[in-house]
Amino acid sequence: QVQLVESGGGLVQAGGSLRLSCAASGRALRSNAMGWFRQAPGKEREFVAVVNWSGYSTYYADSVKGRFTISRDNAKNMVYLQMSSLKPEDTAVYYCGADRRTYATSVSPRDYDYWGQGTQVTVSS
């Protein structure tokens, strides 16, 4: 059983910054892409960012490009999402996930089998 635990969410004013962390268990995850997704009330879970197994390739949703940065530290089994210039539209529960496949990268939540419980991010106007 793989476990992912998110932290770092909270209430922040528009224009502010926040850093989310995801602690991952399981040696095999070092060869898997790790992604951040978010889900707002009444909406479907959507892709935010993904980093490949090595940490050297990243992809972002257009809505967060230039504002968010995803990174990972495989030695610590950690994944991060640095968020800046936050907007009220960023308000959602943020989840980290692990792609089920090794040495592959996907922006679809269908390819992610392992999920954390999520952390709430609320951006006030």
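Quick caveat: nothing in here was measured; it's all calculated off a predicted structure.
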Compute the ring centroids of Phe68 and Trp36, then answer whether they are less than 6.0 Å apart.
-> no
What about the rings of Tyr95 and Tyr112, do their centers lie closer together than 6.0 Å?
-> no
Kindly give the heavy-atom pair with the smallest separation between Ala92 and Ala40, and that separation in Å.
-> CB-N, 3.9 Å
Where do Val64 and Tyr60 come nearest, in terms of heavy atoms and distance?
-> CG2-CB, 4.2 Å
Okay, side chain of [X], backbone of [Y]: is any donor-acceptor separation there less than 3.5 Å?
X: Tyr103; Y: Ala33; result: no
X: Arg72; Y: Asn52; result: yes
X: Glu6; Y: Gln117; result: yes

[Y] reachable from [X] in the ILVMFWY side-chain graph, under 4.5 Å edges:
X: Ile70; Y: Val48; answer: yes
X: Val107; Y: Trp115; answer: yes
X: Val51; Y: Met83; answer: yes

Under the criterion side chain to side chain contact (heavy atoms under 4.5 Å, CB included), which of Leu4, Asp99, Asn74 is the partner of Leu29?
-> Leu4
Positive for side chain to side chain contact (heavy atoms under 4.5 Å, CB included) with Val12, one of Leu86, Thr122, Thr91 | Leu86
From [X] [atom1] over to [Y] [atom2], what is the distance, rounded to the nearest 0.5 angstrom?
X: Arg38; Y: Glu44; atom1: CZ; atom2: CD; result: 13.5 Å
X: Arg100; Y: Ser106; atom1: CZ; atom2: OG; result: 8.5 Å
X: Phe47; Y: Ser63; atom1: CZ; atom2: OG; result: 9.5 Å

What I'd like to find out is whether the side chain of [X] reaches to under 4.5 Å of the side chain of [Y], using heavy atoms alone.
X: Leu81; Y: Arg19; result: no
X: Thr102; Y: Trp53; result: no
X: Met78; Y: Cys22; result: no
X: Leu18; Y: Val121; result: yes
X: Val79; Y: Cys96; result: no
X: Tyr94; Y: Asp90; result: yes
X: Arg45; Y: Val93; result: no
X: Asp111; Y: Arg101; result: yes

Under the side chain to side chain contact (heavy atoms under 4.5 Å, CB included) rule, what do Gln82 and Ser17 come out as? Steps first, then yes or no, please.
-> CA-CA 8 Å; Gln82 179 65 50; Ser17 299; 4.1 Å; yes
Just wondering, more than 12 heavy atoms not from Gln3 lying within 6.0 Å of its CD?
-> no
Quick one: list whatever passes side chain to side chain contact (heavy atoms under 4.5 Å, CB included) with Glu89, sequence neighbours left out.
-> Lys87
Scan side-chain atoms only and decide if Arg30 and Asn32 contain a donor-acceptor pair under the 3.5 Å cut-off.
-> no
